[in-house]
Amino acid sequence: MKPTLLTLKNKQTFEGHAPTWQKQPFYGEVVFTTGMTSYVETLTDPSYAGQIITFTYPLIGNYGVPKKADWESKKIHAAGVIVSEACLDWSHSAGKQSLLEWLESQGIPIIIGVDTRALTKLIREKGALLGAIAPADWTEKLEYVDPNKENLVARVSPKKVKVYGKGKKTVIAVDCGMKENIVRELLKFDITLKRVPYNYDYTEEKFDGLFLSNGPGDPEMAFETVEILEKAMKLKKPIFGICLGSQLLGLASGAKTYKLPYGHRGQNQPAIDTKTKHCLITIQKHGYAVDEKTIPRGWRVSFTNLNDGSVEGVAHKTLPFSAVQFHPEAAPGPVDANYLFEE
């Protein structure tokens with residue numbers, strides 16, 4: 001280990017240590033997540049592309065890293081990791097390597113020994129901030145780049161179509177950075193699942209339903225996906241979306257999105273069904289939301305966040321279009337909302 005600094009664009013710094021292989025700066029948007037476990041699922045979730053994740057739980061890495069089949073994608077998508085303590089003496093029957101070994105193998109930086117409580121309080125006050133993990137003796141100028149100015153969906157979406165199952169109904173799944181557990185949940189039903197890239201035009205094909213996946217970044221950057229979705233909505237076939245999928249459906253309906261101050265990232269976000277008043281504890285990982293004031297006539301807010309009142313779901317009043325901002329597929333976290341897949 002060697003002394004390392006987390007330097008924020010507002011000039012505030014946090015001291016820590018990092019492995020000696022980290023010789024240059026690593027940049028990203030500094031955010032926090034409140035989960036106590038499941039760092040593997042978090043880091044391999046494409047929704048975190050471009051972000052340096054602060055883990056608020058003080059000890060990370062204590063059960064190592066399992067085989068790739070248990071990840072949410074084929075690699076780490078986060079831009080970096082910030083922890084108070086990284087466990088070196090990990091122990092778990094399914095573990096294959098340590099957290100630090102895993103990060104180094106994929107070139108993902110970590111800074112250890114940071115006062116993550118103070119950093120999280122700062123983010124809650126100032127909002128998500130651009131930052132850099134750089135060696136303490138780095139003397140050159142840091143150049144911060146906002147990852148949300150890029151179409152991050154294009155970075156994480158697959159290049160080829162993939163088909164699963166041979167069910168009676170065909171569902172098109174638009175992969176904007178889809179977690180593998182979403183695929184697992186969808187394949188529990190008697191369907192043929194056709195997983196397509198973010199800019200794939202499926203509107204001339206035969207299908208029975210449309211699924212819009214989670215994904216990273218500013219939804220307005222995924223304008224190609226929205227344009228195709230607008231055409232698909234004219235077919236009036238069932239549509240269901242998760243996370244970014246909710247924002248994309250909102251944009252396609254004519255609503256607007258905005259950036260949340262510090263986002264919702266964790267496994268304990270309360271969302272209430274606006275019809276039944278039933279409250280769910282949900283998993284969330286997003287930095288943008290649909291602006292309720294801009295939702296057009298014919299649509300309604302289906303779920304609301306009980307912490308800040310932001311939109312957690314939208315649905316059409318007469319057509320079979322709906323989406324939720326949270327993650328009913330869990331992995332990690334509670335399964336309160338799993339019933340939405342069956343609906």
Side-chain angles (χ1 to χ4, degrees), residues 1-33 39-40 42-56 60-61 64-65 68 71-88 90 97-116 118-120 122-123 126-156 177 216-218 221 262-263 265 285 287:
M1 294 288 170
K2 63 180 179 181
T4 298
L5 293 176
L6 169 68
T7 305
L8 303 175
K9 192 176 181 180
N10 68 357
K11 306 302 181 183
Q12 288 185 267
T13 60
F14 290 81
E15 296 180 351
H17 287 80
T20 54
W21 70 264
Q22 296 176 204
K23 301 183 185 303
Q24 78 278 357
F26 296 85
Y27 299 97
E29 182 183 33
V30 181
V31 301
F32 67 86
T33 182
Y39 47 85
V40 174
T42 297
L43 292 173
T44 56
D45 185 342
S47 296
Y48 285 107
Q51 297 178 335
I52 300 174
I53 304 175
T54 306
F55 286 91
T56 60
I60 299 296
V65 178
K68 188 177 290 188
W71 303 356
E72 287 304 311
S73 66
K74 295 180 179 179
K75 67 175 186 176
I76 299 173
H77 289 276
V81 178
I82 303 168
V83 298
S84 175
E85 180 181 351
C87 182
L88 300 179
W90 61 275
Q97 58 184 328
S98 72
L99 174 63
L100 293 183
E101 290 171 333
W102 185 44
L103 292 171
E104 182 177 1
S105 71
Q106 301 206 22
I108 305 300
I110 185 172
I111 180 169
I112 303 164
V114 172
D115 185 345
T116 52
L119 175 57
T120 300
L122 175 66
I123 296 171
K126 302 292 186 182
L129 298 163
L130 300 182
I133 298 174
D137 57 359
W138 182 265
T139 57
E140 298 181 40
K141 184 179 179 180
L142 297 173
E143 298 181 358
Y144 302 95
V145 178
D146 186 351
N148 296 303
K149 300 299 183 182
E150 173 192 345
N151 184 0
L152 293 172
V153 168
R155 184 198 295 185
V156 302
D218 184 346
M221 299 300 293
Y262 46 83
R265 299 174 182 89
K285 51 197 80 173

Is the gap between the ring centers of W102 and W90 under 6.0 Å? no

Is there side-chain contact between [X] and [Y], with heavy atoms separated by less than 4.5 Å?
X: L43; Y: F55; value: yes
X: L129; Y: K9; value: no
X: I60; Y: C87; value: no
X: I76; Y: W71; value: no
X: L100; Y: M1; value: yes

Taking all heavy atoms of [X] and all of [Y], pick out the closest pair and write down the distance.
X: P216; Y: V156; result: CD-CG2, 3.6 Å
X: P3; Y: H17; result: N-CD2, 3.7 Å
X: T4; Y: A18; result: OG1-CB, 3.1 Å
X: A79; Y: G28; result: CB-CA, 4.5 Å
X: A134; Y: L142; result: CB-CD2, 4.2 Å
X: I52; Y: G131; result: CD1-O, 4.0 Å

Straight-line distance of [X] [atom1] to [Y] [atom2], nearest 0.5 Å:
X: Q97; Y: E104; atom1: CD; atom2: CD; answer: 10.5 Å
X: K2; Y: T20; atom1: NZ; atom2: OG1; answer: 6.5 Å
X: D146; Y: N148; atom1: CG; atom2: CG; answer: 4.5 Å
X: W138; Y: Q24; atom1: CH2; atom2: CD; answer: 7.0 Å
X: R265; Y: I53; atom1: CZ; atom2: CD1; answer: 8.5 Å
X: Q51; Y: L130; atom1: CD; atom2: CG; answer: 11.0 Å

Look only at the side chain of [X] and the backbone of [Y], and say whether a donor-acceptor pair between them is shorter than 3.5 Å.
X: Q22; Y: I110; value: yes
X: T33; Y: V31; value: no
X: T44; Y: E72; value: yes
X: K74; Y: K68; value: no
X: Y144; Y: E29; value: no
X: T7; Y: T13; value: no

Quick check: are there more than 12 heavy atoms from other residues, nucleotides or ligands sitting under 6.0 Å from NZ of K149? no

Would L119 and I123 satisfy side chain to side chain contact (heavy atoms under 4.5 Å, CB included), going step by step from the backbone distance to the final call? CA-CA 6 Å; L119 175 57; I123 296 171; 4.2 Å; yes

Can you list the residues that meet the side-chain hydrogen bond (donor to acceptor under 3.5 Å, both in side chains) rule with Y27, with sequence neighbours excluded? none

Checking side chain to side chain contact (heavy atoms under 4.5 Å, CB included) against F14, which of T116, L122, I111, I82 comes through? L122

Just to verify, what does E15 make a side-chain contact (heavy atoms from CB on, under 4.5 Å) with, not counting sequence neighbours? L5

Check the pair H77, Q106 against side chain to side chain contact (heavy atoms under 4.5 Å, CB included), reporting the backbone distance first and the verdict last. CA-CA 10 Å; H77 289 276; Q106 301 206 22; over 6 Å; no

